[in-house]
Every structure is written in C-alpha cells, then in structure tokens.
Amino acid sequence: MTAEAATPHAPPQAESAVLRCTELVRRFGERTAVDGVSFSVAPGETYGLLGPNGAGKTTTIRLVCGLLPPDGGTVQVLGRPGRTARAKRLIGFVPQEVALYQDLSARENLRFFGRLYGLSGRRLERRVDEVLELVDLSNRAEDRVEALSGGMRRRLNIAAGLVHSPTLLVLDEPTVGVDPQSRHAILESVHRFGAEGMAILYTTHYMEEAERLCDRVGIIDRGQLVAEGTPRELVALVAERDRIRLTASGDLASYAAACRALPRVDGADVGGADGRVVQAVVQDARSLLPALIDLAHERRIQIKSVEIVEPDLEAVFLHLTGTPLRE
Ligand SMILES: Nc1ncnc2c1ncn2[C@@H]1O[C@H](COP(=O)(O)OP(=O)(O)O)[C@@H](O)[C@H]1O
Ligand SMILES: [Mg+2]
C-alpha cells in the first residue's frame, strides 16, 4: 500500500497538485476494488497507473472523475473537493469504452460535448476545429462516427475529452483494441499534450506505454498501489539484476551450479521447454557474460544462443507481486 520506491524529488504538495487522491477506498459488495490508494499528479506531469486487468484502474479513474462515490478517502482537484461541478469541469475524461453518437458527425459530436461544458458560438466552433486538428481528424470532421474506423473513433473520443480545455486529462486504457497505426497516433498525441504542459492521468496494462509516456508510474495490483516512482526508479527496485539466458547443451545442471558459485551471480537454474536453457540472474550482465562463457567452454557446454534481459517495468511488477503483468 505504501510506495516502495523512494522519490528523490518531493511529491507535489496539496496546494500545487492538480490531482490529489488520499486513501481512496471503493467496495463492490464483498470485493474491495480500490483499497487505500493515494497518489498525486503535479502540473504538467503525466502519471501512469499500471496494472493488470481487474487491478482497480477504472474504478480509481471513476472515483477521480466523480462518477462514483468513494467508500473512503478523498479526491481533490486543484485543491477543490472531487465530485463538485467545479472539480469536474477541470477534468477531461476519456473512457475506455468509446462514448459517441454514432449517427452524428465527428464535428457534431464535439459540438455536443462542448455545449455540455458551456461553450457556444464562435468560441465553441474554434475549439472544435482545434481539437479535431489535435487528434488529426480535421479531414474527417463531417463524417458520421459510424463511418470512422475503430482507431479514428478512439481519437475522436479523446478529442471529446479535450474540447473544454481541461486542466487534467484522464485517459482509461486508450489504446486497447486499436490497430498499431492508431495506437502510435494516440501515444504520439498524448505525449505531445504532456510535452505542452497538460497534466495527464493515464491507465494501462502495457508496461511499454507506461515506460514511454509517463513521468511517474504507480503500480497497482488488487486495488493497492504497490510502488510508485519514475520508470527509472521503479526499474532500480530490481536493479543490477539482469538475466542472462543461455540456450545450450551438455551437463547443464552442473554448469548452473558452477555459475551460482561465481561472485555477483544471484542465481542460476536450468529451464526451458526441453531443459536446454540456463537462466542466470546476475548483477551486471555485460561484465559477467565473459566469465559465464569461459565457464561453459571449460565444462564443454555447447552454447547455441545468448540473450541478455535487462529489467523493465514487467520485471518490476513480477518482483513486487510475484505474478506476471500479463497472465
Ligand atoms: N460495477 C461493478 N460491480 C462489481 N464489481 C466491479 C464493478 N466495477 C469493477 N468491479 C470489480 O472491481 C475490480 C477492479 O475492476 P476495475 O477497476 O475495472 O479494474 P481494471 O480497470 O484495472 O481492469 C474487479 O475485480 C472488478 O470485477
Ligand atoms: Mg479498466
């Protein structure tokens, strides 16, 4: 529940944070979907909630956006209590499920959402043009939603969250189920909004997205934040623990035992479907690899391939929870 990673820069203070969640709890019957989650998002920061399906990401987002009352804890948006109209206006919410009118055009949809937030007249038209441009849909503005591809609908969905110029953009798994090209376009635009200074809360179960987009990441599992930090800080939790994977033949069991006896080798086991892979967990793969290869030669082990696996957020998740991110 408490963040394991030490953050060298202090987390944002209440008065300066765009979003501050404190000890959020939400239950559904017997199940506690969100179990004491605290985090903040600073101005201009892209904060990622990373966790597997069912971890509690969407429920957290719905609490943040005031769509669901919490059973405990508080949400503050720029110091204002969550669920108030003023707090809600500061948030642009992009739900996981596309929420658009199929028989209206892209432009008409955006006008509709803009009016909901009190925009009208020239200001509304100008903003609709702007957001169409932002998600690269200006040339499809007059097309009905039903005529757009899945990826285009996702981008229009994002535009709908942006039309009232929110202070905090909240995106719930915006790339799930989209083709690679649209996924790339979505990631690029989110990256650009972040670079332009917008505060962003982004949920995903793809560690590459969190690593690529987010200034800070909170790892969520079973309703709890199990760690928080920059991607670099999180990876440092499993630091100096690279894995070397050797596909080889020979007496691999005794070879693995000899590897374990080497300094700075934390472990070595034989695995793989046909028992032909030796996996060693080491403190620095690059400096240890020559010693492992020398040892293989001494023991007449035939090496077929060598792979170095450096820790990533996937490894961090495994390290912290004991289960892989993708099951
Ligand atoms: N409306 C609901 N009623 C009952 N259970 C729910 C509801 N919404 C979510 N849950 C449960 O809460 C847990 C977290 O769900 P969710 O927040 O959707 O996770 P994620 O978005 O990370 O996949 C899951 O076990 C899910 O089944
Ligand atoms: Mg979800």
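Just follow the structure's listing: the first ligand is 1, and inside any ligand the first atom is 1.
Here Thr203 does not reach the Mg ion (ligand 2): none of its N/O/S atoms is less than 2.8 Å from the metal.
If you check the side chains of Thr247 and Ser305, you find a donor sitting under 3.5 Å from an acceptor. Looking at Thr321 and Asp221, their side chains never bring a donor and an acceptor atom within 3.5 Å of each other. Ser287 and Arg264 share a donor-acceptor pair across their side chains, judged by distance under 3.5 Å alone. Side-chain contact annotation: Ser254 with Asp251, donor-acceptor N/O pair under 3.5 Å present.
From the protein, the heavy atom lying nearest to atom 19 (O) of ligand 1 is Gly56 N, 3.1 Å. Protein heavy atom in closest approach to atom 14 (C) of ligand 1: Gly54 O, 3.4 Å. Ranking protein heavy atoms by distance to atom 1 (N) of ligand 1, first place goes to Phe28 CE2, 3.5 Å. Looking at atom 11 (C) of ligand 1, its nearest protein heavy atom turns out to be Arg31 CD, 3.7 Å. For atom 18 (O) of ligand 1, the closest non-hydrogen atom on the protein side is Thr58 CB, 3.7 Å. Ranking protein heavy atoms by distance to atom 17 (O) of ligand 1, first place goes to Thr59 OG1, 2.6 Å.
Here side-chain hydrogen bond (donor to acceptor under 3.5 Å, both in side chains) pairs that include residues 112-125, with residues two or more places apart or in two chains, are Arg111-Glu125.
Of the options Leu169, Leu162, Asp172, a side chain to side chain contact (heavy atoms under 4.5 Å, CB included) to Val94 is made by Leu169 and by none of the others.
Between Gly29 and ligand 1 there is no heavy-atom distance shorter than 4.0 Å. Residue-ligand proximity: Gly51 is placed with every non-hydrogen atom at 4.0 Å or more from ligand 1.
Taking only nitrogen or oxygen atoms, main chain and side chain alike, Ala33 does not reach within less than 3.5 Å of ligand 1. Considering backbone and side-chain N/O atoms, Thr60 never comes within less than 3.5 Å of an N/O atom of ligand 1. Considering backbone and side-chain N/O atoms, Lys57 comes within less than 3.5 Å of an N/O atom of ligand 1. At least one N or O atom of Ala55 sits closer than 3.5 Å to an N or O atom of ligand 1.
For Arg183 and Tyr206, the positive end sits near the middle of the six-membered ring, less than 6.0 Å away and at most 45° from its axis.
The minimum heavy-atom distance linking Val34 with Leu24 is given by the pair CG1-O, 3.4 Å.
Lys57 places no side-chain N or O within 3.5 Å of a backbone atom of Leu49 that could act as its donor or acceptor partner.
Residue Asn53 has at least one heavy-atom neighbour below 4.0 Å for each of these atoms of ligand 1: 23 (O). Contact atoms of ligand 1 toward Pro52: 22 (O) (distance under 4.0 Å to a heavy atom of the residue).
Residues satisfying the side-chain hydrogen bond (donor to acceptor under 3.5 Å, both in side chains) test with Thr59, not counting sequence neighbours, are none.
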